[in-house]
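Reading through the structure tokens given below for one structure.
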Amino acid sequence: MARVTEEQVEAVRALVAAIPPGTVSTYGDIAEVAGLSSPRIVGWIMRTDSSDLPWHRVVPASGRPAPHLATRQLERLRAEGVLATDGRVPLREYRHIF
DNA sequence: TACCTGACAAGAG
DNA sequence: GCTCTTGCCAGGT
């Protein structure tokens with residue numbers, strides 16, 4: 001049943017926590033590094049296990065977060081120096097490579 | 001039990 | 001650039 005092991009979840013949380021302030025990463029990158037078969041699992045982990053992780057540093061590959069989160073997320077990122085243009089984060093500039 | 005939903009990605013048109 | 005479709009996983013109704 002649990003195709004996602006506890007270690008994978010911990011890996012995701014560790015990776016998110018390891019993203020330096022002022023930079024961002026994508027769901028796809030985190031899923032790949034953590035060994036997950038789908039980026040959606042990262043979103044699931046964030047939604048259910050959401051602790052004090054810097055979840056705002058994780059954005060879709062398009063750089064455009066979901067509308068209901070974009071406001072808070074972009075606001076937090078801006079406070080860290082990540083400037084979003086037209087509601088979109090320029091990943092080319094701020095993307096953190098693990 | 002079955003279907004829908006959700007912090008997504010990648011490819012095709 | 002955009003939208004649509006498919007694959008992926010777990011939880012809720």
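So that the names make sense, note that chain A is the first sequence line, chain B the second, and so on, each numbered from 1.
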Closest nucleotide among B:dA10, C:dC2, B:dA7 to the A:Tyr27 side chain = B:dA7
A:Asp49 CG to C:dG11 C1', straight-line distance once rounded to whole Å | 13 Å
Between C:dG11, B:dA7, B:dA9, which one does the side chain of A:Trp44 approach most closely?
-> C:dG11
d(A:Ser37 OG, A:Gln8 CD) to nearest 0.5 Å is 8.5 Å
Report all side-chain donor-acceptor pairs from residues 85-92 of chain A shorter than 3.5 Å, counting only partners two or more places apart or in another chain.
none

Whole angstrom is fine here: how far is it from CZ in A:Arg64 over to P in C:dG1?
-> 11 Å
Salt bridge (Lys or Arg N to Asp or Glu O under 4.0 Å) filter on A:Arg95, not counting sequence neighbours, yields A:Asp29
Residues which pass side chain to side chain donor-acceptor pair (under 3.5 Å) with A:Arg13, listed by chain and number, not counting sequence neighbours = A:Ser51
Which whole number of Å gives the distance between the P atom of C:dG7 and that of B:dA7?
-> 22 Å
Provide, to the nearest angstrom, the distance between the NE2 atom belonging to A:His56 and the P atom belonging to B:dA7.
-> 18 Å
Between C:dC9 atom C1' and A:Glu6 atom CD, what is the distance in whole Å?
-> 15 Å
Integer-rounded Å distance: B:dC8 C1' and A:Ile45 CD1 = 13 Å
Nearest-Å distance, CD1 (A:Ile30) to P (B:dA9)?
-> 10 Å
List, with names and distances, any nitrogen or oxygen atoms from the protein found under 3.5 Å away from nitrogen or oxygen atoms belonging to nucleotides 6-8 of chain C.
| unit_1 | atom_1 | unit_2 | atom_2 | d |
| --- | --- | --- | --- | --- |
| C:dG7 | O6 | A:Arg40 | NH1 | 3.4 |
| C:dC8 | O3' | A:Ser37 | OG | 3.2 |
| C:dC8 | O2 | A:Ser38 | OG | 3.4 |

From the candidates B:dA9, C:dC9, B:dA7, the one with an atom nearest any side-chain atom of A:Thr26 is B:dA9
Sorted by first residue and then second, give each salt bridge (charged side-chain N to carboxylate O under 4.0 Å, His left out) pair with at least one member in residues 61-78 of chain A; sequence neighbours left out.
-> none
Provide, to the nearest angstrom, the distance between the CG atom belonging to A:Leu36 and the P atom belonging to B:dA9.
-> 13 Å
Residues in side-chain contact (heavy atoms from CB on, under 4.5 Å) contact with A:Gln73, at least two apart in sequence or another chain = A:Trp55, A:His56, A:Val59, A:Pro65, A:Leu69, A:Leu77
By side-chain contact (heavy atoms from CB on, under 4.5 Å), which residues pair with A:Thr71, not counting sequence neighbours?
-> none
With A:Glu10, which residues qualify under salt bridge (Lys or Arg N to Asp or Glu O under 4.0 Å), at least two apart?
-> none
Which of residues 81-98 of chain A have a heavy atom under 4.0 Å from DNA chain C?
-> none
When the ring centroid of A:Phe98 is compared with that of A:His96, is the distance short of 6.0 Å?
-> yes
